[in-house]
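First the structure, in the form of structure tokens, and then the observations on it.
Per chain, numbering begins at 1; letters A, B, ... match sequence-line order.
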Protein chains: 4
Amino acid sequence: MSVNTISTLFTATLQNSELSEKQQAVLTACLELFSEKGFENTSTADIAKRARVAEGTVYKHFRTKEEILTAILKPMTDTVVPEVAAEFVDQIKPDQFDHLEALLRFVVADRLQFALDNRAIIRVFAQQAFVRQDLLQNVLTTLHSQFSHGFLPALHQFQARGEMVNWEDTRIFRLIGSTVLGYALPVVMMPAGAATFDFEKSTDEIVETLLKAFSA
Amino acid sequence: MSVNTISTLFTATLQNSELSEKQQAVLTACLELFSEKGFENTSTADIAKRARVAEGTVYKHFRTKEEILTAILKPMTDTVVPEVAAEFVDQIKPDQFDHLEALLRFVVADRLQFALDNRAIIRVFAQQAFVRQDLLQNVLTTLHSQFSHGFLPALHQFQARGEMVNWEDTRIFRLIGSTVLGYALPVVMMPAGAATFDFEKSTDEIVETLLKAFSA
Amino acid sequence: MSVNTISTLFTATLQNSELSEKQQAVLTACLELFSEKGFENTSTADIAKRARVAEGTVYKHFRTKEEILTAILKPMTDTVVPEVAAEFVDQIKPDQFDHLEALLRFVVADRLQFALDNRAIIRVFAQQAFVRQDLLQNVLTTLHSQFSHGFLPALHQFQARGEMVNWEDTRIFRLIGSTVLGYALPVVMMPAGAATFDFEKSTDEIVETLLKAFSA
Amino acid sequence: MSVNTISTLFTATLQNSELSEKQQAVLTACLELFSEKGFENTSTADIAKRARVAEGTVYKHFRTKEEILTAILKPMTDTVVPEVAAEFVDQIKPDQFDHLEALLRFVVADRLQFALDNRAIIRVFAQQAFVRQDLLQNVLTTLHSQFSHGFLPALHQFQARGEMVNWEDTRIFRLIGSTVLGYALPVVMMPAGAATFDFEKSTDEIVETLLKAFSA
DNA sequence: TATGAATGAGCCTTCATTCAT
DNA sequence: TATGAATGAAGGCTCATTCAT
């Protein structure tokens, strides 16, 4: 069961735009450096050095350092997330999940995997979210509509059947989000986090927690 | 019952260090600007203008832009948090809380209030946490020890009495943290968040959620 | 009798804008270099070196290299020329000149002196006139209206009296202009020109030529 | 009676050097762009785009951007002008012109036509004349010797006959030059100038003016 | 202590030029 | 011959920092 494949966001960026090998090296170097040191602490000299490329080469395909940032961040808000949403809607068919647990497990695993797969981009994105208000807003909106269309309808079934607490959608959304965040954030923020992360155990714990919290 | 008073962290910084009026203006301007635009996007010219001060004045008390950042961030890791922890230990006496709910409500309200009170500093801190690994590490450690010493012993009572699930401390710490985060993050990240925030309702929801999740 | 005093245009620029000594050095260096090497062939490093100033200093008062160019060129189109025009109108009172010769001599000497006084600015201006169409247009318009208001009315008297040929104003304007240009251009364009220039002789020749050409 | 045919200078350049079609496109694009934006404001990227050629192609025949400039400007000083001078000497045979008017008309029309035909090159040349002192010097020398050998002898006849004022050659040269310039300059400098230019009327006016000025 | 002009290192970007294909 | 990706040396400009007043 796929869940978005490894490094979905960035791999897609690399392949969709027909970039020469060197240009791809530039983009990759940027992702690494932006993620490590932050966008504004990364100089074009840094980029060139990391990409083993002349400084002028950085500007052959991108007209601005900012344009590179956009190229890296765009799929986060535009392309992929909506695609995932669609895929999401397809996979989650109401009757497909007899039990709330199965539904939660699917959603939780999906988002957790997403966080693991896109650690670097998420870091770059999160940093910029402090400066550009629209970024976060856009992603949250997309995420929310993704939940509303693909996920909540399924939940409402369980609520209707009395198998789940009757909280408002926002509250449910927030709880799932924050619980997943509790496991994903350390991995995203701390280098050590990724190494010691146990995907199975984490998923199990999150699902168990949510099941209890959501119990009728 | 206060728990850390309004803007504890920054007000303390301002008062503890005997700064002239202009220097205080500099510090305040920095907090605002760093929080709004980010540390690296804030020029000393910006600071001087916002503080209504000459550019040289910025360097009268602080030798470096970075030193100002440190001055703003230091209480976050060093001074205040441990103090709070101590105060915490005092206030939370095991038998003081007959019910788990009272204990949770206290802790949740405290951290929620902290987030509200220190929105700006938290933003500056969070941004820098991406770049300086030690920052987050330090705070988490402090927070953890605060929990371990002041809070967990109390919890263990309830666990011993069979009134609370027997999860590991880390898991409990993580769940409380992330659940609070779910309500605090929007307020910290989005300008609109603070305006519409309902402290009572939020506390109630968080506590209710945790009680269910922690039920034996 | 003054006619615009030495280096009117640039001296005015220097005095009107309250610039520090170093900033004045920057402006002067720019005028020299732009005049010698051309605007686009002059680097900010060149400017700094010539002005014996740090490169950053160049940008303390002017936000752009282009802004310096504008500062140097503006008086050419805006300020001074109209002022001169006014002064012109005052000095040339129809009955003040009994003879056409006196009138021509005044105008010719004035423009010739202007060219000598502002050699550097004129060079910078002329170079830019190739690239910015509006520059030349503006100056010509100003010059033309200056002629129309201050000078032509006087000429018309002589035409009315039958002491001067009845050509259209444009043709008269053009002939005076080009004849003066014939003497001014070498001075402006060639370094040697200024040294060997004989103001009296030139004025005499121009006036004599014009008198013959304008004879009824 | 030809006088130098349309775009003599540049057409000659194009044909004399056996350039491939693309190289000719490069040269033509350069002339256009140098004339419009100036040499230093024209990038090799601009040239390549205008010539519909790859950027490398620009360097297939010319080793330097400067070399292209030279290729465009050279005929102005070297090749053509002397040729014209020779042709000039041939055509102007002292006794061919009974009247001074015919002689002046020939010369004036010739130079006026030259200006019209070579507007673009003249613009490029004039711009560079500010930066490279030798350029103007060379052309003036050539022009002068052209006048001295082909034209002045004829004039001297009229002077000898008492039909023309006895001014020095330089003064005559200067007056003819500047008078023609008065009509040519607007055409060369302003885009609108060429459209509204009336060759016949201009020639007539210039000749009439010169005849009066030169009258004994 | 406060000022603000001055500094110069370093940043982002452009562009003439080269070279493998 | 033509291409266009790649180069790297400037160039214009910013900005943290200093210092004479």
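Place D:Val58 and A:Gln23 on DNA chain F by their nearest nucleotides, and D:Val58 ends up nearer the 5' end. Along DNA chain F, the nucleotide closest to A:Gly56 and the one closest to B:Phe39 are compared, and the more 5′ of them pairs with A:Gly56. Place A:Arg63 and B:Thr57 on DNA chain E by their nearest nucleotides, and B:Thr57 ends up nearer the 5' end. Heavy-atom nearest nucleotides on DNA chain E were determined for D:Asn41 and for D:Lys60, and the one closer to the 5' end corresponds to D:Asn41.
Residue-level contact check: B:Thr44 touches the bases, meaning some heavy atom is under 4.0 Å from a base atom. Across all strands shown, D:Ser43 has heavy atoms under 4.0 Å from sugar-phosphate atoms exclusively, and none from any base. The residue B:Lys65 sits close only to the backbone: its heavy atoms come under 4.0 Å of sugar-phosphate atoms, none of a base.
Here E:dA16 presents its C1' atom at 11 Å from CD1 of D:Ile68, a figure rounded to the nearest Å. The separation between C:His61 atom NE2 and E:dG4 atom P is 14 Å, rounded to whole Å. As a whole-Å value, the separation of D:Leu19 CG from F:dT1 P is 11 Å. Rounded to whole angstrom, the span from the CZ atom of D:Phe62 across to the P atom of E:dT18 amounts to 15 Å. The separation between D:Glu40 atom CD and F:dA10 atom P is 18 Å, rounded to whole Å. The distance between atom NZ of C:Lys22 and atom C1' of F:dC19, rounded to the nearest whole Å, is 12 Å. D:Leu69 has its CG atom 13 Å from the P atom of E:dA16, to the nearest Å.
Looking at residues 47-55 of chain A, you'll see A:Val53, A:Ala54 sit with a heavy atom under 4.0 Å from some atom of DNA chain F.
Proximity of a side-chain donor or acceptor of C:Thr64 to a complementary backbone N or O of C:Glu67 within less than 3.5 Å is not detected. Side chain of D:Thr42 to main chain of D:Gly38: a donor-acceptor pair is present (N/O by atom type, distance under 3.5 Å, no hydrogens or angles). Of the possible polar contacts, one joining the A:Arg123 side chain to the B:Phe130 backbone as a donor-acceptor pair under 3.5 Å is found. Panel note: side chain C:Lys65, backbone C:Phe39; a donor-acceptor pair is recorded below 3.5 Å. Side-chain atoms of D:Gln23 come within 3.5 Å of backbone N or O of D:Thr57 as a donor-acceptor pair. When atom types are taken as modelled, the side chain of B:Arg50 and the backbone of B:Ala29 share no donor-acceptor pair closer than 3.5 angstrom.
Taking only side-chain nitrogens and oxygens, D:Ser20 comes nearer than 4.0 Å to OP1 or OP2 of F:dA2. OP1 or OP2 of F:dT17 sits under 4.0 Å from a side-chain N or O of B:Tyr59.
Base pairing analysis places E:dT7 opposite F:dA16; the two distances defining the Watson-Crick or G-U wobble pair are each below 3.5 Å. Partner assigned to F:dT21 is E:dA2, using Watson-Crick or G-U wobble distances below 3.5 angstrom.
Under the 3.5 Å distance criterion, with hydrogens and angles disregarded, no donor-acceptor pair is assigned to the side chains of D:Gln127 and C:Gln128.
Remark: D:Lys49 NZ is loosely packed, at most 12 non-hydrogen atoms of other residues, nucleotides or ligands lying under 6.0 Å away.
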